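Reading through the structure tokens given below for one structure.
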Amino acid sequence: MAQEPHYCFVYLLCTIAMRQTCNLSKLAMFFPDTKATNASSYRRIQRFFKEVVFDYDAVAKLIMGLLGLQEVQLIFDRTHWQLGKKHNNILVLAIVYKGVGMPIFWTGLNNGKGNSNTEQRIDLIERFKSNFPHIQITNVLADAEFIGKDWFNYLNKENIPFCIPIRSNAKVQCKGKQDKMHISRCFDDLKKINEIKCFKNRKTIYGNKVYLSGVRLPDKTLLIVASNTFQGADLLDKYRQRWQIEMLFSCLKKRGFDLEATHMTDPVKMEKLFAILAVTLAWAYVIGRWQHALNPIKPKSHERLSQGIFRVGLEQLAKAAMLMMATLDYFSNPKQVVRFFVVY
């Protein structure tokens with residue numbers, strides 16, 4: 001059996017799609033080399049993650065080629081899970097894509113706490129701009145972890161629109177007041193659930209002038225979202241699309257690939273595994289939408305689809321993977337693998 005790295009990449013993609021786990025010892029059981037023991041296949045996988053150098057720009061271009069977008073909304077978030085006392089954290093830059101966040105760039109975090117810094121976020125956006133200079137960034141979404149003066153300064157300097165919630169204890173200068181006060185005080189009059197308040201004039205938060213909109217959530221907490229571009233109710237509507245990255249993490253974990261089952265903790269190796277998952281997820285979701293267009297999934301009484309787009313696509317991808325693993329002699333180079341999945 002050939003030992004080139006692209007074979008191992010394809011085997012991992014196929015076995016993850018079929019077995020829906022990131023436990024490497026379990027994946028090794030389904031590697032197609034009948035002459036190799038499970039232990040030998042497992043060592044092969046370990047060597048792959050230790051020695052192979054990934055071209056993450058090429059992975060991003062493959063994913064963007066599947067999506068076919070001319071403008072994008074970007075989402076920042078961090079996924080976290082724990083193995084024993086070790087905390088695994090990956091900072092992800094994803095694209096809003098028809099109900100799911102599609103990962104495009106990511107970096108493993110190895111700082112204990114897991115929080116990202118401004119330099120790491122800027123690096124991911126610069127990588128996106130460098131690889132896709134003709135694709136317009138129409139919005140950047142994130143949660144309240146992604147705040148700060150330097151971060152807002154960068155987004156404003158690059159003319160990148162953003163919708164990011166701010167913490168209720170952020171200080172703001174209110175009209176007619178000499179001292180700064182907590183921003184939550186400006187929304188004290190929001191009493192009813194789902195009641196909204198929007199400021200027409202910009203206020204200075206973290207050294208930057210932004211529009212502010214707030215809403216009283218069902219749990220009675222206050223959500224305040226800041227933007228350098230959007231305002232009013234439109235600002236809150238834009239921010240609501242951030243939930244799509246939660247769908248992404250759900251697909252990567254229990255609903256899909258069971259990322260938390262991996263025993264790897266090295267951030268560099270985790271980035272390589274994440275690249276394989278990103279390609280697998282993109283193919284599965286695009287296949288699912290294609291299948292839904294051909295044979296629409298019936299909705300339930302509450303109007304949600306009886307089966308998710310990702311699940312439909314993953315089942316089709318798993319079938320294609322089983323067929324491919326049964327005809328391995330045909331796949332002598334990576335281009336034939338890509339052609340197979342596109343045609344299938």
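Bear in mind that the values here come from a model prediction, so they are computed numbers and not experimental data. Positions are given from 1, in the same order as the sequence printed here.
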(request) Please list, chain by chain and in numerical order, all residues satisfying side chain to side chain contact (heavy atoms under 4.5 Å, CB included) with Glu51, sequence neighbours excluded. (result) Arg47
(request) Can you sort out the partners of Thr262 under side chain to side chain contact (heavy atoms under 4.5 Å, CB included), two or more places apart, ordered by chain and number? (result) Cys22, Trp81, Leu259, Met264, Met270, Leu273
(message) Between Trp290 and Val312, is the side chain to side chain contact (heavy atoms under 4.5 Å, CB included) condition met? List the steps.
(response) CA-CA 10 Å; Trp290 169 60; Val312 170; over 6 Å; no
(request) Mark yes or no for whether Thr37, through its side chain, and Ser40, through its backbone, hold a donor-acceptor pair below 3.5 Å. (result) yes
(message) Set out, in order, the CA-CA distance, both residues' side-chain angles and the distance that settles side chain to side chain contact (heavy atoms under 4.5 Å, CB included) for Val72 and Tyr97, then state yes or no.
(response) CA-CA 8 Å; Val72 296; Tyr97 183 74; over 6 Å; no
(request) Could you pull out all residues at least two apart from Phe152 that satisfy ring pair (Phe, Tyr, Trp, His ring centres under 6.0 Å)? (result) Phe162, Tyr206
Is there a donor in the side chain of [X] and an acceptor in the side chain of [Y], or the other way round, less than 3.5 Å apart?
X: Tyr154; Y: Glu119; answer: no
X: Lys253; Y: Thr79; answer: yes
X: Asp258; Y: Asn23; answer: no
X: Gln73; Y: Gln241; answer: yes

Parallel under 30°, tilted from 30 to 60°, perpendicular over 60°: which one fits the rings of [X] and [Y]?
X: Phe199; Y: Phe187; result: perpendicular
X: Phe31; Y: Tyr11; result: perpendicular
X: Phe128; Y: Phe105; result: perpendicular

(request) Would you please test Tyr285 and Phe310 for ring-ring contact (aromatic ring centres under 6.0 Å, His included) and show each step? (result) CA-CA 5 Å; Tyr285 203 79; Phe310 169 70; 7.3 Å; no
